[in-house]
Chemist: 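Shown below is the structure under consideration.
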Amino acid sequence: MNNINQILFPYVVQAVSQTFSVELTEQSIQFQDTRKEFEGDTTLVVFPITKFVKQGPEQLANAIGEYLVQHCPVVKQYNVVKGFLNLVIEDTYWLDAFQTMLKEEHWGREAENSRPRIMVEYSSPNTNKPLHLGHLRNNFLGYSVAEILKAAGHKVTKVQIINDRGIHICKSMYAWQASGKNDTPESTGLKGDKLVGQYYVAFDQQYKAEIADLIQGGMSKEDAENNAPSMLAAQDMLRKWENGDEAVTSLWKMMNQWVYTGFEVTYRNMGVDFDKLYFESETYLKGKEEVEKGLSKGVFFKKDDGSTWIDLTNEGLDEKAVLRKDGTAMYITQDIGTAILRFEDFPDTAAQIYTVGNEQEYHFKVLFKILAKLGWSQSDACHHLSYGMVELPEGKMKSREGTVVDADDLMESMKDESRLMAEEQGKLDGLTTEEKDLTYHKIGMAALKYFLMRVDPKKNMMFNPQESIDFNGNTGPFIQYGYVRTQAILRKANWITGVDLVINGEVEMVGEERNLIKLLFAYPQFLSESAKKYDPSVMAAFAYELTKTFNVFYQHCNILREENVDIKTFRLNLTSLTGQCIQSSMSLLGIQMPEKM
RNA sequence: GAUCUCGUAGCUCAGUUGGAUAGAGCAUCUGCCUUCUAAGCAGACGGUCAGGGGUUCGAAUCCCUUCGGGAUCACCA
């Protein structure tokens with residue numbers, strides 16, 4: 001089905017060529033949505049055309065408008081304001097569009113697996129502390145982009161890389177061992193990630209104290225940091241781990257397992273999942289191998305001290321180390337290994353999307369250049385889905401200063417708030433305890449997810465825990481509420497989707513219905529823009545706009561009370577399709593719809 | 001210091017490749033529930049689009065510059 005502007009395009013070309021004998025370029029024909037205060041469905045901006053035709057904008061607009069009304073069957077009438085030609089499209093066009101949408105099984109979505117595989121990486125936490133607000137933004141964005149790409153027809157594989165290796169986890173391990181308490185998640189009743197996180201904090205405190213002591217004893221700050229006993233012990237553990245020391249390895253396995261078990265709970269609450277996990281402990285050696293291979297091909301070079309580098313100065317970047325002088329792997333090394341492993345695991349992968357904070361933009365520029373130089377042509381299509389920080393009123397989140405907003409706590413408090421609100425209103429009274437609980441969860445998560453995803457991913461955003469997150473206005477619950485209304489009406493009408501498709505051609509549309517149909521018809525454009533930009537906020541804006549438009553329709557038009565059967569059927573179909581589209585677009589944000597609220 | 005990025009209403013954010021009188025929500029104030037769920041609808045108030053210059057029929061948008069916030073520039077991850 002064609003977009004209205006695509007239909008009009010050739011007629012505009014004809015109008016100008018027949019009236020003025022001038023052939024227009026594609027660029028000179030610009031359409032935009034008609035502003036609300038004027039009458040019309042779409043608007044031709046004629047200023048660019050005045051460059052080709054020696055006419056004043058208004059005369060020109062009138063001439064084109066006249067031609068279109070006479071020759072283009074979908075154009076009903078026109079009006080001209082300055083250099084803007086507002087076109088009113090025939091109702092039959094919108095009714096046809098509506099019929100088309102109703103016949104689709106999933107209006108707006110592309111056929112499954114009609115486009116190449118894209119791998120989306122997100123989450124990728126360290127295994128030494130619990131997930132926080134920043135991880136929520138990461139997970140929600142990554143999951144949502146994956147769903148959006150899927151809806152746009154791509155095969156999608158959701159992955160994460162788990163940073164299970166390195167000094168950070170050894171710090172927690174050392175602190176746990178040094179405490180001598182043999183705490184476990186079972187013995188303390190704590191979530192595994194929380195328990196391990198406590199020991200990470202404990203390590204940091206001890207380390208700080210030791211540094212202070214050493215400095216007081218006359219040592220320089222740098223020496224103190226390098227020689228503090230706890231740091232030496234953690235480093236010793238890391239060496240033992242790399243050498244496969246049995247005791248250290250089993251401690252490492254046990255504590256990582258605690259963290260994974262804890263994370264699983266958090267992921268389940270977040271509503272995100274993964275198709276395949278990669279562990280740094282398994283990919284960093286692969287990275288080293290690939291660097292060795294690249295070295296022999298001349299992509300990398302060795303410096304005199306034995307470290308391995310790549311020269312990216314021709315690409316406008318710097319020289320970058322890829323192996324230390326002792327031959328050990330760095331952060332970038334394992335990323336090279338992971339990327340290549342993924343291309344090998346899924347050879348049809350056209351691109352990898354990395355959902356990682358914007359502070360790593362340089363890192364990914366380097367990584368993609370390296371992959372290209374190693375001969376992976378897919379690297380051109382790879383993309384760093386770079387997102388900004390979530391800032392608190394007092395500034396950045398800092399774990400040391402206790403200003404971290406914990407992911408589990410936040411999700412729980414959102415749910416509590418939705419419970420309070422629902423209990424006050426008593427609209428869920430008929431439901432079982434389980435059903436109520438699920439509804440509170442859906443509403444709380446909708447508020448949280450929508451809040452984090454309605455803003456442009458690349459921008460830093462503000463989160464104020466005191467004022468918390470709203471449930472009114474431009475919010476997730478507002479959209480859910482609109483959906484709940486559609487379902488309540490359909491329930492009362494005993495509506496079965498797809499049964500009463502008959503629309504009598506005599507139906508005369510009112511403005512509220514037209515606006516709703518126009519917006520529903522634009523769903524695929526919003527989806528493709530969202531997919532193209534890897535930007536869930538486009539879908540969020542669409543869902544909000546759609547719900548608002550429905551609410552106006554709902555408020556001003558009778559549906560169940562409508563006496564004319566044709567109009568009633570038409571409006572019920574409209575309600576049904578709107579409900580579907582709200583649910584569909586919100587599901588792309590990972591937001592679920594309750595049936596009642 | 002260099003590079004990148006952001007600065008829009010009291011607050012949180014939209015604003016497509018330059019297009020009409022810069023839009024939403026929150027907050028404040030007014031109306032609307034005996035009739036499809038008021039987590040809603042209708043309205044009021046609120047702007048030197050950080051400042052200055054340029055490009056042109058036209059600039060929040062593009063270019064230059066100043067100011068202010070953030071990020072990056074490791075044999076850290």
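Per chain, numbering begins at 1; letters A, B, ... match sequence-line order.
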Chemist: Considering every strand and a 4.0 Å limit on heavy-atom distances, what is the contact class for A/Gln425: base, sugar-phosphate, or nothing?
Modeler: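 Touches a base.
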Chemist: Once you apply a heavy-atom cut-off of 4.0 Å, does A/Lys325 come out as touching a base, just sugar-phosphate, or nothing?
Modeler: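 The residue A/Lys325 makes base contact.
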Chemist: In the strands shown, is B/C73 matched to any nucleotide by a Watson-Crick or G-U wobble pair with both distances under 3.5 Å, and which?
Modeler: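 In the structure as shown, B/C73 has B/G1 as its Watson-Crick or wobble partner.
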Chemist: For B/G23, what is the paired nucleotide under Watson-Crick or G-U wobble rules, both distances under 3.5 Å?
Modeler: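 B/G23 is paired, partner B/C13.
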Chemist: Counting any heavy atom closer than 4.0 Å, what does A/Leu323 reach on the DNA or RNA strands: base, sugar-phosphate only, or nothing?
Modeler: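 The answer is nothing, as A/Leu323 stays clear of every strand by at least 4.0 Å.
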Chemist: Is the distance from OP1 or OP2 of B/A39 to the nearest side-chain N or O of A/Tyr481 less than 4.0 Å?
Modeler: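 It does, given that an N or O in the side chain of A/Tyr481 lies less than 4.0 Å from OP1 or OP2 of B/A39.
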Chemist: Taking only nitrogen or oxygen atoms into account, show me every contact under 3.5 Å that the protein makes with nucleotides 41-45 of chain B, one pair per line with its distance.
Modeler:
{"from": "B/C41", "atom 1": "O4'", "to": "A/Gln555", "atom 2": "NE2", "distance (Å)": "3.2"}

Chemist: For B/C4, decide between syn and anti, treating a glycosidic angle within 90° of 0 as syn.
Modeler: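 The base of B/C4 is oriented anti (glycosidic angle more than 90° from 0).
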Chemist: Distance under 6.0 Å and angle within 45° of the ring axis: does A/Arg454 meet both against A/Tyr544?
Modeler: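 Not satisfied by the 6.0 Å and 45° rule.
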Chemist: Round to the nearest Å and state the distance from A/Lys369 atom NZ to B/C73 atom P.
Modeler: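 In whole Å, B/C73 P lies 18 Å from A/Lys369 NZ.
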Chemist: Classify the nucleic acid contact of A/Lys427 as base, sugar-phosphate or nothing, counting any heavy atom under 4.0 Å across all strands shown.
Modeler: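 The residue A/Lys427 makes base contact.
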Chemist: Both distances below 3.5 Å, Watson-Crick or wobble geometry, any strand: find the nucleotide opposite B/U30.
Modeler: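 Pairing partner: B/A42.
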Chemist: Kindly indicate, with the supporting measurements, whether the criterion salt bridge (charged side-chain N to carboxylate O under 4.0 Å, His left out) is fulfilled by A/Glu282 and A/Arg165.
Modeler: CA-CA 9 Å; A/Glu282 292 165 0; A/Arg165 179 191 79 99; over 6 Å; no
Chemist: Encode nucleotides 6-19 of chain B as B, S and - characters from 5' to 3', where the letter depends on protein heavy atoms closer than 4.0 Å: B to the base, S only to sugar-phosphate, - to neither.
Modeler: SS----BSS----B
Chemist: Verify the contact: side-chain N or O of A/Lys320 to OP1 or OP2 of B/C73, cut-off strictly under 4.0 Å; return yes or no.
Modeler: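 A/Lys320 to B/C73 OP1/OP2: no side-chain N or O under 4.0 Å.
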Chemist: Would you say the base of B/A74 and the side-chain of A/Asp318 have a donor-acceptor pair closer than 3.5 Å?
Modeler: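 Not at all, since no donor on one side and acceptor on the other fall under 3.5 Å apart.
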Chemist: Under 4.0 Å between any heavy atoms, over every strand shown, what does A/Thr43 touch: base, sugar-phosphate, or nothing? Just pick one.
Modeler: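 Counting heavy atoms under 4.0 Å across all strands, the contact made by A/Thr43 includes a base.
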